[in-house]
Amino acid sequence: MTSAEQRRTQLLRGVLDLCVLAVIDEAPAYGYEMTKRLRSRGLSSVGEGSIYPLLGRLERDGLVETYRAASDGGPPRKYYRTSRDGQRALMAGVSEWRAARDAIDALLAPIEAEVLR
Amino acid sequence: MNRFVNECRREWRRLGVADAVADEMAEELAADLAEAESEGVSPEDVLGSGAFDPRSFAASWATARGVTHSSPGRARPHRNPRILAAATGLLLVALAAGAGLVISGAAQLALLSHYGKGVGLGVALEGAAPTQVIRAISVVRGTSGIALQPLGWTLLVVGMFGILLTLAWSWWSDTGLWTRQPGRRHRSPDAAV
């Protein structure tokens with residue numbers, strides 16, 4: 001793994017719970033479906049870890065609810081959806097992310113300008 | 001794929017995960033891996049590095065869900081395949097040495113009794129083939145210091161008993177020494193928690 005990929009993985013690791021909550025807040029999904037959705041959004045480095053332990057933690061903390069339902073042509077699957085607490089945690093997390101992102105952007109923006117000049 | 005899920009099941013059982021919960025997790029995992037496989041996606045892409053170490057993967061998932069119930073006192077001892085493999089190797093050597101001593105000792109005793117029961121060694125070896133003489137001399141030398149046949153039997157019994165014990169230990173501690181596939185990689189999965 002290159003250092004750029006490592007950094008990306010590390011960055012994602014800190015906010016993967018938010019990404020998963022956001023993905024299932026759009027529509028309930030089962031485990032593999034979430035992986036596909038995240039990958040389709042360019043978050044392929046989620047594959048460096050597994051989302052199952054994360055889903056387990058979210059479930060334990062009551063941030064997601066689960067139910068079983070038939071999938072398209074396959075066996076019944078365990079679907080995850082955000083709970084009320086999960087939606088609140090998502091909103092709080094997004095605010096924290098934006099604050100951190102803005103601070104980092106402000107710090108790094110001049111450096112980017114230097115490079116482009 | 002089934003092997004991976006079965007390994008996870010074994011780990012969940014070891015950790016005291018309730019059967020119903022373990023069944024649910026195994027079902028979920030199996031369905032996801034089957035779907036991924038049907039789409040040509042490797043288990044690595046679904047499970048990350050956890051695909052190489054089902055036990056760690058299963059443990060991190062169950063721990064994150066808070067469904068493990070084994071206390072340190074109840075948990076089965078942690079496996080150490082290297083120590084077990086080394087012990088098995090030593091026991092096999094003891095077994096082979098014991099068998100060798102018993103077989104060669106029996107042959108030499110037969111030779112001695114054939115060529116001169118109750119007479120001196122020189123008389124006993126008279127007329128024996130050179131190789132038989134060498135073997136007879138070696139056993140007589142051996143028996144002058146240590147009784148080789150009883151030693152052989154002791155090694156045989158210890159070896160067999162020890163191997164049975166390691167088999168039982170391997171089964172009890174879920175070491176998987178006897179079912180381990182050669183070349184399987186063990187990496188610590190980077191759980192995304």
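Residue numbers start from 1 in every chain, and the chains themselves are labelled A, B, ... in the order their sequence lines are given, proteins ahead of strands.
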| message | Whether the B:Glu28 and A:Tyr32 side chains hold a donor-acceptor pair (N or O, under 3.5 Å, no angle test) is what I'd like checked. | response | no
| query | Between A:Arg77 and B:Glu35, is there a side-chain N and carboxylate O pair less than 4.0 Å apart? | reply | yes
| said: Using the rule that Ile, Leu, Val, Met, Phe, Trp and Tyr join whenever any side-chain heavy atoms are under 4.5 Å apart, tell me whether A:Leu11 and A:Val20 fall into a single cluster. | reply: no
| query | Given the rule that I, L, V, M, F, W and Y join up when any side-chain heavy atoms are under 4.5 Å apart, are B:Leu156 and B:Leu92 in one cluster? | reply | yes
| field | B:Glu27 bridged to A:Lys78 by N-O distance under 4.0 Å | value | no
| For B:Ser38, is it the side chain, the backbone, both, or neither that has a heavy atom closer than 4.5 Å to a heavy atom of chain A? | neither
| said: Once you measure the plane-to-plane angle for A:Tyr52 and B:Trp61, does it fall in the parallel (<30°), tilted (30-60°) or perpendicular (>60°) bin? | reply: tilted
| query | Rounded to the nearest 0.5 Å, what separation is found between the CZ atom of A:Arg57 and the OG1 atom of B:Thr63? | reply | 13.0 Å
| query | Same cluster for B:Leu165 and B:Val93 if Ile/Leu/Val/Met/Phe/Trp/Tyr side chains link at under 4.5 Å? | reply | no
| field | Those residues of residues 80-100 of chain A, ordered by number, that approach chain B below 4.5 Å (heavy atom to heavy atom) | value | A:Tyr80
| field | Closest approach of B:Ala64 to A:Pro53 (non-hydrogen atoms, all atoms of both residues) | value | CB-O, 3.1 Å
| Does A:Arg39 reach the main-chain N or O of B:Asp45 with its side chain, forming a donor-acceptor pair under 3.5 Å? | yes
